[in-house]
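Here's the structure we're looking at; comments come further down.
Note: hydrogens, waters and symmetry copies are ignored here, and every other heavy atom, side chains too, is used. Per chain, numbering begins at 1; letters A, B, ... match sequence-line order. Please read all numbers here as calculations on a predicted model, not as lab measurements.
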Protein chains: 2
Amino acid sequence: MKKIVTIGGGTGQFGLLSGLKRYPVELTAIVAMSDDGGSTGVLRDELGVLPPGDVRQCLVALSESDQVMRELFSYRYGNGVLEGHSFGNLFLSTLEKMTGSFEEAVAVAGKVLAIRGQVIPVTTENVTLVCGDGCRGQSAVDGSVLRDRAGLRLDPEANANPKAIEAIERADLVVIGPGNLYCSVIPNFLAKGLPEAIGRSKARVVYNCNLMNKAGHTDGYTVIDHVGEIERFVGRGRVDFVTYNNRLPSNRDILERYGEEGKSLVPVASLDEDFGETTFRPLPADLVSGERFVQKPGDPLRRTLIRHDADALAALIIGHCLVDL
Amino acid sequence: MKKIVTIGGGTGQFGLLSGLKRYPVELTAIVAMSDDGGSTGVLRDELGVLPPGDVRQCLVALSESDQVMRELFSYRYGNGVLEGHSFGNLFLSTLEKMTGSFEEAVAVAGKVLAIRGQVIPVTTENVTLVCGDGCRGQSAVDGSVLRDRAGLRLDPEANANPKAIEAIERADLVVIGPGNLYCSVIPNFLAKGLPEAIGRSKARVVYNCNLMNKAGHTDGYTVIDHVGEIERFVGRGRVDFVTYNNRLPSNRDILERYGEEGKSLVPVASLDEDFGETTFRPLPADLVSGERFVQKPGDPLRRTLIRHDADALAALIIGHCLVDL
C-alpha cells in the first residue's frame, strides 16, 4: 500500500483524513503540538500535560469503531465543572498523567477507537508558539495581527519526534494542510529536523491551500503566496501539487458571516488564469463542502464553518498525486 | 456454565467479582443505584446523571482488557477542576449524557473494558436513599446514626430493573454482599420486585457477612443479626449459606485505626460455638486479605481498608455452594 503522511492541525486534518481513509492507503497523521486554547489549554495548565485537542481530532477521523465511541471522543460538556472540555481530551490527558507518556496515551486511545493508520505528535516536548513580536501562546498568536511572520518559533526549541521523521522519510506522498497557516500548519515545520526530512524524502508533496484567508494573518494572500510560505520551510520548488478551490460556495449566509470577521476566500479570480510558470502542478476543483457546519454548544473556540469537502479533496489527491507512482 | 448473580455495591462487589471471575461461571452483577457521595454525587448534581461509581467498580472487576484500561477507569484526579473525580465515572456519565441511557453507557464501557459477564443497575430510576428518621441521601445516611432501620426506603419508590429480575430468576446461585449493609447491600432490596424475585427463584442464596461492624449502623451485630436483616427482605430461611470470617486479621495497626472510628470486627468469638439451630449452612473461613490497602490520593471518600481476601472468598463460595447442583 502507498504510504501517505499528512501534516497539519485539528479541524483541517480531520476532514482530510476522513476522506483519505476510504482509500486503500497507509495513513500517518503528523500533528502540531503547540495548541493552548480552549479545553486543551485548561488541561495543559491544570494537569501539566501535552495538548490533546488536535491529536484527538485525528484519532476520531481515523477511527473505525462504532459511531458511539467516535461521538464520545468528540463530546463536549455544556455545563458544570467540565464545561467546554471535550471528553476525548480528558481521555488523552488522563492517560498521559497516568502513564507519564503522551505517546502511550495516543496508542491506547488509538486502540480504543480502532484507528486505521497512526497519529504522531510532531514533537513530544512541551512547547509554546511565539511570534516575532513576542506574542506568546498559540491562542494569543491566533488572535493577534501577525507582523513578524518570519520570527514565528517554538519556545523552547524542540526536536521533531523521530517517528515523524521516519514516517516522512518512508512516505510516498506528504500532504500538507489545509489548516490555520501560522497556528496549525507551519508550527509543524518549527520542530527541528522536520523540514529537512521533507527535503530528504523521495515523497511527492501536495499542499492543500486554505479556502479562506484569516484576518491579521493571511489578508490578501493568493494561492501562490500560501505556497511561498510553505516552501520557505520545505524548500523552493519542493511542493509538487497544489489543490485549491475554484468555485464560490453556495452558502452565502456563511460567507457573509465570515466577511464580518474579516476573513475572505483565498482569491480565486485568477483560477482560469495562468499562474505563470510554477514549479508545482495546480489542481483546481470545487472543494467547498455543501454541509452546513455549526458551532457546537459549549465549545469555547470558534471553528471554521466553511470547510473542505472531504471526499472531493481526497479524490483529487488520490486521483492525481499517486498515479504513476 | 452455572449462572451466578451477585448483589451489592462498589468495593465489596469489586473484590467478590475479581475472585469469582477466575472460575468458569456466568457472572451478573446487580448494583445499588442510590450512591450520592464523592465524585458520583458531584456528577449526579452537575450533569443530572445516574450514579456511576459502583457500576464502574464492577465493570473494572469483570474487565479482561489490558491493565492500562483498568487503571484508567480507576484513575482519580488529584488536583484541578477534576479533583476527586474518577475517570471511569466521567466515562459513564458522559456516555449517559450523550446517549440518554445509563444502560447503554454501561454496555459501551463494558465493551471497552472487555468485561466477562454483565453489570446491571438495580434500577434505572433516579432515586435517593432516605432513612426512617427523614435523613436524605446515601452519604448522609452513611454518616448518621441509624435509628429507624425499618424505615429505610428509596424516594421516589422505584421498580427493579426487569433485567435484574430476569437474571435472578435464571440464576443458579445468588450471592449477597459483602458491603455496607444499609447503604450498599440493602438498597438493592428496596427496588420494588427484587426481593420477590429472589423468593421466586430456584437459585441457592449465599450471604457474605461483613468483616467489620459500622459505627451507628451495625454496632454489636453478630453474624446472625446480619443474616436476620437480609432475610427481612428475602424471606425467613431463604439464605442457604453464610460465609464469615473466623480469624483475627494480622495487620493490627489497621484494626486499631478502625477502632478509632468506632468500627469493630463482627464478633467471631462464637466461631467454634454452636449458632443454635440455623436454616443456613455456616461457612466459616480465614477471609481477611493480607494485602495492605491504602486510601488513594484525591479520593474524597473513606474506603474500607480491611477487605475480604477475594480468592479465598470465591473459593469458599464455588467450593461449597455450587457443588451437587
Side-chain angles (χ1 to χ4, degrees), chain A residues 38-49 52 56 60 63 65-114 296-298 300, chain B residues 38-49 52 56 60 63 65-114 296-298 300:
Chain A
S39 163
T40 285
V42 174
L43 292 170
R44 288 187 80 167
D45 284 352
E46 292 222 329
L47 300 179
V49 292
R56 165 185 51 85
V60 173
S63 170
S65 69
D66 297 347
Q67 175 70 7
V68 69
M69 283 307 297
R70 282 176 289 154
E71 274 178 26
L72 176 63
F73 267 71
S74 303
Y75 184 86
R76 207 172 278 279
Y77 298 93
N79 60 354
V81 295
L82 295 169
E83 185 174 345
H85 279 294
S86 119
F87 178 82
N89 290 357
L90 295 181
F91 189 98
L92 286 165
S93 296
T94 305
L95 267 167
E96 182 187 349
K97 281 290 279 186
M98 206 182 83
T99 63
S101 159
F102 184 67
E103 285 186 287
E104 191 172 336
V106 176
V108 172
K111 225 162 143 181
V112 168
L113 284 166
K296 278 195 195 163
Chain B
S39 162
T40 286
V42 174
L43 292 171
R44 288 186 79 167
D45 283 351
E46 292 223 330
L47 300 181
V49 292
R56 165 185 51 85
V60 172
S63 170
S65 71
D66 297 347
Q67 176 68 9
V68 68
M69 283 308 296
R70 282 174 291 153
E71 275 179 25
L72 176 63
F73 267 71
S74 303
Y75 183 86
R76 208 172 278 278
Y77 300 91
N79 59 355
V81 294
L82 295 170
E83 185 172 346
H85 279 294
S86 120
F87 178 81
N89 290 357
L90 294 183
F91 189 98
L92 287 165
S93 296
T94 305
L95 268 167
E96 182 187 348
K97 281 290 281 186
M98 204 182 83
T99 63
S101 159
F102 184 67
E103 287 187 286
E104 191 173 335
V106 175
V108 172
K111 223 162 145 181
V112 169
L113 284 166
K296 278 196 196 161

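Residues of residues 72-82 of chain A lying under 4.5 angstrom from chain B, judged on non-hydrogen atoms, are A:L72, A:Y75, A:Y77, A:N79, A:G80, A:V81, A:L82 in numerical order.
Using bins of under 30°, 30° to 60° and over 60° for the plane-to-plane angle, the ring pair B:F91/A:F91 lands in the tilted bin.
Listed options A:T94, A:L90, A:L43 were ranked by heavy-atom pairs under 4.5 angstrom with chain B; first place goes to A:T94. Note: B:L95 leads B:V112, B:L95, B:T99 in heavy-atom pairs under 4.5 Å with chain A.
Neither the backbone nor the side chain of B:D45 has a heavy atom closer than 4.5 Å to any heavy atom of chain A. In this structure, chain B has heavy atoms under 4.5 Å from both the backbone and the side chain of A:V68.
Every side-chain hydrogen bond (donor to acceptor under 3.5 Å, both in side chains) that A:E71 has, sequence neighbours left out, goes to A:Q67.
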